[in-house]
Amino acid sequence: MNQHFTPPGLLRRLASLCYEALLLGAVLLVAAALFTPLVVWSGNARWMSVLMQLFLALVMFGYFGYCWTRGGQTLAMKPWRLQLTLADGGALRWPHAAMRFVVALVLYLGVPALAYTAWQPLFDSRQHAMAVALLWDALPVLWALIDNDKQFLHDRLAGTRLRLLPPLARKH
């Protein structure tokens, strides 16, 4: 397809990300409320806690995957006029959505967790190790400052991109 696209500005993407965090928090709160009775009923809190985390990850993937494969926009992306496409401008399908979700999960959760584990013995306090590990969360975002297409690192690695949609025409 190779359509011309306008990459959205960093502040627009960060604002959308903050809005997304609020919406996703609400979705996860409802999902956790639905799962919690199973944790209480089972009596095995350790295994049920792991199952609950997997369930919440599945809920997140379901939300993002559904939105990304149905027009390329989550609820938070719509007011900011952001759309997720493949690098060539094509629509995402479930395998593409899964790839982007896993890459983002590894970059935003996996790498900082590994960094924390590795650096904790080097610091006097856990807070210092956590602060340094969380700096890794900035890497995928800051990547947009050096990327030729101004894309986040997880989009570059997953073969996707965010584009800015034109403003809607106002009706008089």
Side-chain angles (χ1 to χ4, degrees), residues 1-32 34-35 49-118 130 132-166:
M1 289 186 142
N2 259 345
Q3 306 165 342
H4 174 72
F5 79 100
T6 303
L10 186 59
L11 288 177
R12 179 180 294 267
R13 285 186 275 175
L14 291 175
S16 177
L17 193 60
C18 288
Y19 187 21
E20 195 75 73
L22 291 172
L23 293 173
L24 187 60
V27 168
L28 292 177
L29 199 61
V30 170
L34 294 173
F35 198 89
S49 175
V50 170
L51 285 177
M52 184 172 186
Q53 290 174 14
L54 290 173
F55 173 70
L56 293 177
L58 190 63
V59 167
M60 282 193 306
F61 174 63
Y63 166 73
F64 285 120
Y66 178 80
C67 292
W68 293 339
T69 60
R70 302 285 185 264
Q73 292 181 294
T74 62
L75 295 173
M77 294 166 75
K78 289 179 181 190
W80 294 99
R81 298 188 348 258
L82 301 177
Q83 184 182 42
L84 183 66
T85 67
L86 293 175
D88 67 1
L92 268 72
R93 294 186 172 224
W94 281 99
H96 307 119
M99 174 64 92
R100 186 176 195 258
F101 183 79
V102 168
V103 168
L105 206 58
V106 167
L107 287 176
Y108 287 106
L109 296 178
V111 172
L114 288 174
Y116 174 77
T117 303
M130 180 63 77
V132 172
L134 288 177
L135 288 174
W136 284 99
D137 271 341
L139 177 66
V141 173
L142 294 176
W143 180 266
L145 299 175
I146 62 169
D147 187 87
N148 289 339
D149 296 323
K150 306 294 183 213
Q151 297 301 305
F152 287 154
L153 182 57
H154 58 277
D155 283 313
R156 177 62 62 200
L157 294 174
T160 58
R161 70 168 186 219
L162 280 176
R163 68 183 195 127
L164 180 61
L165 296 173

ask   = Where do L75 and Y63 land on the side-chain contact (heavy atoms from CB on, under 4.5 Å) test, with the steps shown first?
value = CA-CA 10 Å; L75 295 173; Y63 166 73; 4.0 Å; yes
So does [Y] get a backbone contact from the side chain of [X], meaning a donor-acceptor N/O pair under 3.5 Å?
X    : Y    : answer
R12  : W80  : yes
Q83  : G71  : yes
T117 : A113 : yes

request  = For atom CE of M99, decide whether the heavy atoms of other residues, nucleotides or ligands shown that lie under 6.0 angstrom number more than 12.
outcome  = no
ask   = Does atom CG of L11 have more than 12 heavy-atom neighbours from other groups under 6.0 Å away?
value = no
No-hydrogen, no-angle side-chain donor-acceptor test under 3.5 Å, Q151 and R161 = no
inquiry  = Taking the six-membered ring of W68 as reference, does the cationic atom of R100 (NZ for Lys, CZ for Arg) lie under 6.0 Å from its centre and within 45° of its axis?
reply    = yes
message = If you take the centroid of each ring, where Trp contributes its six-membered ring, are F61 and W94 closer together than 6.0 Å?
response = yes
note = CG (L10) and CG (L142) are apart, to the nearest 0.5 Å, by 7.5 Å
query = In terms of the angle between their ring planes, are F64 and F101 parallel, tilted or perpendicular, with boundaries placed at 30° and 60°?
reply = tilted
note = Scanning both residues in full, the closest heavy-atom pair of P7 with D149 reads CB-O, 3.4 Å
task = Taking the side chain as every heavy atom from C-beta outward, state whether L162 and R13 have any pair of such atoms under 4.5 Å apart.
result = yes
query = Are any of the side-chain heavy atoms of L157 and L107 separated by less than 4.5 Å?
reply = yes
